[in-house]
Structures are given as structure tokens and as C-alpha cells.
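The structure appears right after this line, and notes come after that.
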Amino acid sequence: MTTFADLGLSQKVLSAVTDAGYTIPTPIQAGAIPFALERRDICGIAQTGTGKTASFVLPMLSLLEKGRARARMPRTLILEPTRELAAQVAENFEKYGKNHRLNVALLIGGVSFEDQDRKLERGADVLICTPGRLLDHFERGKLLMSGVEILVIDEADRMLDMGFIPDIERIAKMIPFTRQTLFFSATMPPEIQKLADRFLQNPERIEVAKPASAAKTVTQRFVASHSKDYEKRAVLRELVRAQTELKNAIIFCNRKKDVADLFRSLERHGFSVGALHGDMDQRSRTMMLQSFRDGNLQLLVASDVAARGLDIPDVSHVFNFDVPIHSEDYVHRIGRTGRAGRSGAAFTLVTKRDTKFVDAIEKLIGEKIEWQSGDLNSLPPAEESKDERPRRNSRERGGRDDRGEKDRGRGRGGRGAAGHKSDNDVQDNGVDVIQAAPVKADIVKNERKAEQKPQNNARNNRPYPANDDSRDRRRHRDHDDGPTPVGFGDDIPAFMLIAGSAKV
DNA sequence: AAAAAAG
């Protein structure tokens, strides 16, 4: 059997790999590393959770042992589609490069330039970047690309799609054509392959699993739901509560606004939940992800910013609140669970509107996905009226209806109140809800920050813009959240929220 | 039809 020692890696790298507890490479690692060490171009395709990152990090470390970086002239460059992924790759360099003295610089947006400038000035052996910030540094003249020997494009299918391709082409043009180029991706559709071939020279193609095949250890189910958001939220809550082995879960939405809405709803229902999407400030993104990794948050509502590559070792469940429009994203999303041979479960809420996306997903993964309890046809008719429960008058609702459109929600999270205090369907769930962590991050959209009135921080720091409390949501509040307790308005003391969610 | 990536 092939071991890491057979692949031609340097002693320093091998000893770090051994210290990390690995002896047997994954197929993508065994396939790619020898060619990478020969300075061949590589097109590596493997499903998520199979060790793609190490298959370029390890050979790069070996190759970098010869030579030294000069100021502002990085020797290698790695491009990543999200900041979190870039940070994760940087951690890999720390881990496997502990016997080296290499300068690794992480160039991502949303954080200050100063540290990054210093590292560039010192001479970076490895530059790990998101495209925008790299170009920003370049335009400021902080960077010379003429010394780059290795270019890695990770999540290549993502990096070569419509939004990213102009940046990638610009960057690739700045780098000498004598470079070595490594492509890694979980999926590689033909039109992307065609683009990729423009960047690669006589690449060695290493494909270790059928592209787009979901990890075998993941149990996949569809769950029929009516289309309205509040109906979907109710279905989701029931689904989450019904899971007996739910350790933690990522819940994907297609839109950032829906991430914010669903987060808010789940939080109000007493779940231990965080949120992650690209309009949150970087500090909050980092904190949310860290809390989820640490187990301080049980649920993470996320956009597709979290769909790819994020390595959270023990995610037990993935829920798709929305069916992903691009079927490849389905594969990426459910790839967050069942990693490294563990078992996992992936549930996808499906409404009538989603049927064609569902078909595309089944076609892509080449199998039929079972319905959890009856398909769309067996769904009971939609609830007729939203007015079965008595509506509260505006004073009980904190007088919100008296506020004009402009005023509404300004500086207010619109979080209503702790609906679960009187809501019988909130905590009778048998789910081991981890206590909501005291994560209070600055999560409001940056551009909205200025217009925030400083209020108490429990409300100011939310993953949604303060003024997105739409009429539509408010209309359905009774369905979603039950009666709002009277008396506090929006000013529920934090300890009460905690007390509410502690009861199981 | 959406997210991500610069500020």
C-alpha cells in the first residue's frame, strides 16, 4: 500500500505529516503529489472531504525548500473563492509547514491592509488570496508577480464561473507562463474544463471519484413543503426537532436575506443558531464559523459562502432550506457532512416550484433521492387562512404599526420578542439544544452601520440589516412565531432570552 | 435566478 513516504515528499514535510497522525494518503493525494513534485501541471478532481488541500500544500512545501522569497515578490500563489476557505488553507500551511521557515501571507478582503503589507514587504513564499484583495494590493504597487513559480486555483469550477473569470484571467496574465499551474475541483463540467485548459499546459488529469457523486456515507432525503417561507420554516423546525442524532447542522438558503430571516426566526424559537453570509462583516463571519466549529452553536444558517470546501470535521446534518438552483451546489452543500468517512444526513425542503431543480439534482448525482414522508402529491392542502389566531393590536406589538416605513426598523433588529416564552411549539422538541453562545458579533451590513442608532448591543449586532423587517414577514408572524409577549417591546433583556432557551 | 469577491 502506498504511504506518504512513497510519494517523494521531503523529510521535513513527511515528519509534519506523521506528527499530524497521517500515514496513508487519500487517492487524490497519492495521485497528485508525485506529479506536482515533478513540476507538472495538474487538473485534480475529487469530491469534497477527500484531502484535496493537502495534495497541493504538501508538494508546495517540498518544492519551496529550495530558494528564498524576496521582498514583494511572492514565490507561489493560491487563489480561493471565499475568505474562509483562504484562511483554512493558510492553517494547513501552518500545520504542515511547522518544520519550515516559510513566510505565508493571507490576502483577503474585509480586514486591514497593514499586516498584509508587512508580510509582503518581508517576502512571501506563499500567498493565499481571494482575487479582489490580491488585485487591490497589486494596483497599489505592493506586489510583483514576476517571481511566481506555482499558481494554484482551488475550487476551480467556482473560480472559473461568470463572476470570477475576469479577475482570474487578469491575475493569470501577470504570472510568467513558465509557472506550474495546479487546478483542483470537486466537479469539472465540460465548459469549465474548456476554460481550465487555457490556463494549463499538458496537465496530468487526476480524477479519483466520479465527479459530482455524493459521499456514500450521507443519507439523503427530500422533504415536501408548501412554498411560503413561514410554512417552510415550520417544516424545518419540525424536521430539526425530529432528528435523534443531530449533533450540529448547516442550513443552507439561496439568498442572503433568507439566511438573515431564517436565522432570526430560529433564534426566536430558542435554537442555538448562528448565521454566515457574505454581507456580514468579516469579524462576525469569523466568529460565527469559529463558534460553530467549537460546538458553541448547534445550527449555522448559511448562504453558499459555506457550501464549498469548509472543513468542519463533525457536521452531522445538512438541511437545504432552499433547493440549490445549480445542481453542483447541491453536491457541495451536502459535502459538508459525512466528511472523512463519517456518516451524515442531508435533508432538502422541496416545494412545487422546485421540481425542475430536483430533477437536475437527481440527474447529476445519478440516483433517485427518497422522500422523507410522502412526496409533493401527498402534501395536505395548504392552510387556508392566516387569521385563525386573533391578531394583536398595535400597542401589544410595541406600537410598531404606528411607525412609518422609514422609521421602521431603524436601529432595531426587528427581532420582535422572545416568542418562545409562550409558544408551546418551541422547546418541546427533545432536541438537545445547546445553549445559545454569548456570541455577540458585529453582523450588520457594513454600509448600514452608519445609520444604526447605538442601542443595546444585544440588538445592534445581528446578521441582518436593521431595517429589513419587511411587511411580508410581519404579516405572517402569527404563523411563524406565535403570540409575542407583551411588555418588553423590543427590549427583552438578554438573560430572559437565555432562560427561555435553556428549558428543554 | 443567486452568491461570491475590493472598498
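Just so it is clear, the structure is predicted and the values come from calculations on it, not from any experiment. Each chain gets a letter, A, B and so on, in the order the sequences are listed, and its residues count up from 1.
Classification of Lys232(A) and Asp322(A) as a salt-bridged pair holds, one side-chain N sitting under 4.0 Å from a carboxylate O. Residues Arg170(A) and Glu139(A) are paired through a salt bridge, judged by an N-O separation under 4.0 Å between the basic side chain and the carboxylate. Under a 4.0 Å N-O distance rule, the pair Arg241(A)/Glu238(A) qualifies as a salt bridge.
Listed by chain and residue number, Phe113(A) satisfy the ring-ring contact (aromatic ring centres under 6.0 Å, His included) test with His137(A) (two or more places apart in sequence, or in another chain).
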*Produce a footprint string for nucleotides 1-7 of chain B: one letter per nucleotide, 5' end first; B if the base is under 4.0 Å from any protein heavy atom, S if only the sugar-phosphate is, - if neither.*
BBBBBBS
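Residue pairs meeting the ring-ring contact (aromatic ring centres under 6.0 Å, His included) criterion with at least one partner in residues 346-370 of chain A, sequence neighbours excluded, are Phe319(A)-Phe347(A).
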